[in-house]
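Labels below follow one simple rule: chain letters A, B, ... track the order of the sequence lines, proteins then strands, and each chain is numbered from 1. Keep in mind the model is a prediction, meaning the values are calculated, not measured.
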2 protein chains.
Amino acid sequence: MNIGIASERSGLPSKTIRYYEDIGLVRPARTGSGYRDYSPIDIHELRFLQRARSLGFSVDECRQLLSLYQDRNRESADVKAIAEAKVAEIDRKIAELASLRRLLNHLVEHCQGDDRPDCPIIDELAGEGTAH
Amino acid sequence: MNIGIASERSGLPSKTIRYYEDIGLVRPARTGSGYRDYSPIDIHELRFLQRARSLGFSVDECRQLLSLYQDRNRESADVKAIAEAKVAEIDRKIAELASLRRLLNHLVEHCQGDDRPDCPIIDELAGEGTAH
DNA sequence: CTACGGGTTCCAGTAGCTGGAAGGTCAAGC
DNA sequence: GCTTGACCTTCCAGCTACTGGAACCCGTAG
């Protein structure tokens, strides 16, 4: 499966896929003529990377996440600890997205068409120092 | 309130805060001697940016999000449409995080200490083409 | 065998910071 | 008033994670 198809199936531009190979994330096989040849597993790893990157994980974090299921000897407590830390991080991100969503929704519902100088959201935000 | 405090309260490094001023996101007042002077509203905008950036929104998207509550005349349907699109995007991100979380959790629970050559997760992933 | 839509490498540029140098500000203590 | 040290300023260079472009190679269809 060459890079165009891999791009289509993973949702990543070819450029990015080549870059991920450069930095050692997903290393496809090569055909006799030098074309990259992606396996279904490669594709899933690329999809996984696409998801994780779009959700705010750094490339290095993605490398960790990726190693979690690339690692055939998933026996160490270290690996489990990393996975659990990532799960906690994901939970935090979900909570923050939910709060961001509430904020925007509130905005849409309560402020639209309102031309008073101060919006209730702004007031609420300006009133406190550390919350959310 | 000068930049050190702003950094502390927003969770953003001073460097980043100055950068955000450079690109026109949050423009604080200045004291007579040239120090940046952040208002509570500025702080909330910085916190907002910190959250949104860490959740994978680009700086340009953050600029849009920010304008939603900076805009005193929030009357246009355009603005509402942007906010609603962002809410949809957030929902998508939440769903993806949830799926990523399930994946990792499954991994932690079912693969740990397993030294068979193939992990159930890998098998499952390799088996399908387009789904989650 | 030529066209052309892929692929390849390499190099340069962009976005979003991040570190460091060189120097100005301010409150505390002598 | 003067010094010290933490904190501020600008500016410039470097880094991460791509992204675009040039120049060239591969493979199939006509």
Any protein N or O atoms within reach of nucleotides 5-9 of chain C? Criterion: under 3.5 Å, listing atom names and distances.
residue : atom : partner : partner atom : Å
C/dG6   : N2   : A/Tyr35 : OH           : 2.8
C/dG7   : OP1  : A/Gly4  : N            : 2.3
C/dT8   : OP1  : A/Arg36 : N            : 2.8
C/dT8   : OP1  : A/Arg36 : NH1          : 2.9
C/dT8   : OP2  : A/Arg18 : NE           : 3.1
C/dT8   : OP2  : A/Arg18 : NH2          : 3.0
C/dT8   : OP2  : A/Arg36 : NH1          : 3.2
C/dT8   : O5'  : A/Arg36 : NH1          : 3.3
C/dT9   : OP1  : A/Arg30 : NH1          : 3.4
C/dT9   : OP1  : A/Arg30 : NH2          : 3.4
C/dT9   : OP2  : A/Arg36 : NH1          : 3.0
C/dT9   : OP2  : A/Arg36 : NH2          : 2.7

- Message: Expected output check: what is the dot-bracket annotation of DNA chain C, where ( ) and [ ] are pairs inside the strand (brackets for crossing ones), | is paired with another strand, and pairs are Watson-Crick or G-U under 3.5 Å?
- Response: ||||||||||||||.|||||||||||||||
- Taking CD1 from B/Ile23 and P from C/dT14, how many angstroms apart are they, rounded to a whole number? 16 Å
- Query: What are the 5'-most and 3'-most nucleotides of DNA chain D lying under 4.0 Å from any heavy atom of chain A?
  - Reply: D/dA17 to D/dG27
- Note on the structure: Residue set satisfying salt bridge (Lys or Arg N to Asp or Glu O under 4.0 Å) with B/Arg92, at least two apart, ordered chain then number -> B/Glu96
- Item | Sub-4.5 Å side-chain heavy-atom contact between A/Ile5 and A/Tyr38 | no
- Applying side-chain hydrogen bond (donor to acceptor under 3.5 Å, both in side chains) to B/Arg63 and not counting sequence neighbours gives none
- Gap between atoms OH and C1', on B/Tyr19 and C/dT18 respectively (whole Å): 12 Å
- Message: Checking B/Asn2 now: which residues fulfil side-chain hydrogen bond (donor to acceptor under 3.5 Å, both in side chains) with it, not counting sequence neighbours?
- Response: none
- Query: Among all residues two or more places apart in sequence or in another chain, which pass the side-chain hydrogen bond (donor to acceptor under 3.5 Å, both in side chains) test with A/Ser39?
  - Reply: A/Asp42
Could you pull out all donor-acceptor pairs under 3.5 Å where a side-chain atom in residues 15-24 of chain B meets a protein atom, sequence neighbours excluded?
residue : atom : partner : partner atom : Å
B/Glu21 : OE1  : B/Arg36 : NE           : 2.4
B/Glu21 : OE1  : B/Arg36 : NH2          : 3.4
B/Glu21 : OE2  : B/Arg30 : NH2          : 3.1

- Message: Would you say that A/Gln64 contacts A/Phe57 through its side chain, given a criterion of any heavy-atom pair below 4.5 Å between the two side chains?
- Response: no
- Query: To the nearest Å, how far apart are B/Glu21 CD and C/dG16 P?
  - Reply: 17 Å
- Residues two or more places apart in sequence or in another chain: which of them pass salt bridge (Lys or Arg N to Asp or Glu O under 4.0 Å) with B/Asp37? none
- Sequence neighbours excluded, which residues qualify as side-chain hydrogen bond (donor to acceptor under 3.5 Å, both in side chains) partners of A/Thr31? A/Ser33
- For A/Arg53, enumerate each residue passing the salt bridge (Lys or Arg N to Asp or Glu O under 4.0 Å) test, keeping only those at least two apart in sequence or located in another chain. none
